[in-house]
Amino acid sequence: MERQIKINNWRIVKIDELLQSGRWYTAKEIAKSIEDGSYSSRTIQRDIEYMRDTLNAPIESDSRGYHYTEKNFFIKSIPLTEGEALSVAILNPLLEQYRNTPLENQLRSVFQKITNCLPNRITVDTSFLNPRITFIPDRIENINPELFTTIFDAIKKGFSISFDYRPLQKPSFMERTIDPYHAVCQRGNWYVIGKCHDKGDIRIFSFGRMKNAVMTSKKFSIPKDFNTSDYFDSEMGVWLSDKIPLEVELLFDKEIATYATNRIWHSDQTLEEREDGSVYLKFKTTQKKELLRFILGQGHTVRVLGPEELVEEVKEELQRTEKMYK
């Protein structure tokens, strides 16, 4: 079945513009005011009935014609070009990356409201999108929907939260209470940054390793000097490893030179193509753990030139991996 993006009738947009003036208009006056004035009074009356019955427009009528009874009312329409309407259509499959989270239904609801508000003058056939465009989302952790609500409410209202947490290196859960300052999503996985009451400093906690979250009655205030950039690099990751950025130097083998040059790795990057076909990359980041994971995943095609501490960590990890397979 063909999918279409439907837009509110253009005449309704024009009628709304006229009635927002606050004066009375007869159907005949409205018809003459719209574009070439070729519409009949009966057509305008049907449009006004639709506005009252479907759009809940506060329209009053008497011998003087029609007008809005509420001064600030307006029809919420969004005029789009055909290209923009097509972009809106792509949003629906793109929301697959939020599957199984509370955000999925909320975002789909917003998407539906947007499409319902669009003017009905442009019809775009988007039926080809479903079979011909595929979005492959990042794998996400299994997160309890109620956890999202608790954390987001606590961030919004400024209350501490208590929960059970399982660190990566431990098999059991431990109780934690934090002041949640900020939530961040990295590749489909969610994290909350806040002051940990137990440790006395700011930590990052994964939603996927939290359970039994409860918002307490204790209020908190975010310190004025708190800055998210001190705790994660929005271009690389959320690992709370180093506050002082490392100057990273990588050398990509000519085997993947096209891949290296076609990607923006960081906003402050230096990228150089060398005569032998290799590609040199330099940038600063605090995300050493995220980098280590990326470098190891590239095998022999990426070599770390600096800093020395990152070189040593790569060597140690490779030695541990080799020992495991022996």
Exercise for review: Would you indicate whether the side-chain heavy atoms of I204 and V192 approach each other to under 4.5 Å?
Suggested key: no

Point to revise | SB check K14 E17 (cutoff 4.0 Å) | key: yes

Exercise for review: Using the six-membered ring wherever Trp is involved, compare the ring planes of F294 and F252 and label them parallel, tilted or perpendicular (cut-offs 30° and 60°).
Suggested key: tilted

Revision key, fill the gap. Between Q269 and F283, the two heavy atoms sitting closest are CA-CB, 4.0 Å

Exercise for review: Starting from L251, walk the hydrophobic network (Ile, Leu, Val, Met, Phe, Trp, Tyr; side-chain heavy atoms closer than 4.5 Å) and list everyone else you reach, by chain and number.
Suggested key: Y280, L305

Practice item. Might you point out which heavy atoms bring A27 and S41 nearest each other, and give the distance in Å? Key: CB-O, 3.8 Å

Check your understanding: Quick check: are there more than 12 heavy atoms from other residues, nucleotides or ligands sitting under 6.0 Å from CD of E273?
Key -> no

Exercise for review: Assess whether side-chain contact (heavy atoms from CB on, under 4.5 Å) is satisfied between V248 and V304, documenting all intermediate values.
Suggested key: CA-CA 8 Å; V248 179; V304 182; 5.5 Å; no

Exercise for review: Check whether any side-chain heavy atom of R176 sits under 4.5 Å from a side-chain heavy atom of K199, and report yes or no.
Suggested key: yes

Check your understanding: What residues join M174 in its hydrophobic cluster, counting side-chain heavy atom gaps under 4.5 Å, either direct or through other members?
Key -> none

Check your understanding: Just wondering, are more than 12 heavy atoms of other shown residues or ligands nearer than 6.0 Å to CZ in R52?
Key -> yes

Exercise for review: Could you check if a side-chain atom of L246 sits within less than 4.5 angstrom of a side-chain atom of L310, using non-hydrogen atoms only?
Suggested key: no

Exercise for review: Verify, without hydrogens or angle tests, whether Y25 (side chain) and A31 (backbone) share a donor-acceptor contact under 3.5 angstrom.
Suggested key: no

Practice item. To the nearest 0.5 Å, tell me how far L18 CG sits from Q20 CD. Key: 9.5 Å

Review point. Mind checking whether F173 and F163 have ring centres under 6.0 Å apart?
Key: no

Check your understanding: V214, F148: one ILVMFWY side-chain cluster at the under-4.5 Å cut-off?
Key -> no

Point to revise | Under 3.5 Å donor-acceptor, R46 side chain and Y50 backbone | key: no

Check your understanding: Is the count of non-hydrogen atoms from other residues, nucleotides or ligands lying under 6.0 Å from E316 atom CD greater than 12?
Key -> yes

Review point. Is D201 salt-bridged to R203, cutoff N-O under 4.0 Å?
Key: yes

Point to revise | W190 CH2 to C185 SG distance, which is reported to the nearest 0.5 Å | key: 4.5 Å

**Study point:** Shortest non-hydrogen contact between E60 and W24, atoms and distance
**Key:** O-CZ3, 3.8 Å

Point to revise | Close side-chain approach of Y181 and T228, heavy atoms under 4.5 Å | key: no

**Study point:** Test item: T216 side-chain N/O and S160 main-chain N/O as donor-acceptor pair under 3.5 Å
**Key:** yes

Revision key, fill the gap. Shortest non-hydrogen pair, G200 vs K195, comes out as O-CE, 4.0 Å

Exercise for review: Identify the residue among E247, E309, E312 that makes a salt bridge (Lys or Arg N to Asp or Glu O under 4.0 Å) with K288.
Suggested key: E309

Check your understanding: Should R293 and K289 count as side-chain neighbours, where that means a heavy-atom distance under 4.5 Å?
Key -> no

Review point. Do NZ/NE/NH1/NH2 and the carboxylate oxygens of R320 and E317 come within less than 4.0 Å?
Key: yes

Check your understanding: Given side chains that start at C-beta, do those of Q287 and H266 come closer than 4.5 Å, heavy atoms only?
Key -> no

Practice item. Evaluate the side-chain proximity of H67 to S21: yes if any heavy-atom separation is below 4.5 Å, no if none is. Key: no

Exercise for review: Please step through side-chain contact (heavy atoms from CB on, under 4.5 Å) for the pair Q45 and Y66, ending with a clear verdict.
Suggested key: CA-CA 10 Å; Q45 289 169 357; Y66 305 92; 3.6 Å; yes

**Study point:** T258 backbone acceptor or donor facing T261 side chain under 3.5 Å
**Key:** yes

Point to revise | NZ on K156 to CE on M215, rounded to 0.5 Å | key: 10.5 Å

Check your understanding: So do I193 and F226 actually touch side chain to side chain, heavy atoms under 4.5 Å?
Key -> yes

Exercise for review: Quick one: closest heavy-atom pair of G306 and V311, and the distance?
Suggested key: N-CG2, 4.3 Å

Review point. Which pair of non-hydrogen atoms, one from L271 and one from A260, has the smallest distance, and what is that distance?
Key: CD2-O, 4.0 Å

Check your understanding: CG/D47 to CD1/I59 distance, rounded to the nearest 0.5 angstrom?
Key -> 10.0 Å

Check your understanding: Salt bridge or not for D276 and K254, using N-O below 4.0 Å?
Key -> no

Point to revise | Test log, rule side-chain contact (heavy atoms from CB on, under 4.5 Å), inputs K326 and E322 | key: CA-CA 6 Å; K326 282 183 176 180; E322 182 182 23; 3.8 Å; yes

Point to revise | Separation of I161 CD1 from F220 CZ (nearest 0.5 Å) | key: 8.5 Å

Exercise for review: Return yes if some donor-acceptor pair links the side-chain N/O of T150 with the main-chain N/O of E146 below 3.5 Å, else return no.
Suggested key: yes

Review point. Are the side chain of K211 and the backbone N or O of L147 linked by a donor-acceptor pair below 3.5 Å?
Key: no

Point to revise | Euclidean distance, K218 NZ relative to D179 CG, rounded to 0.5 Å | key: 6.5 Å

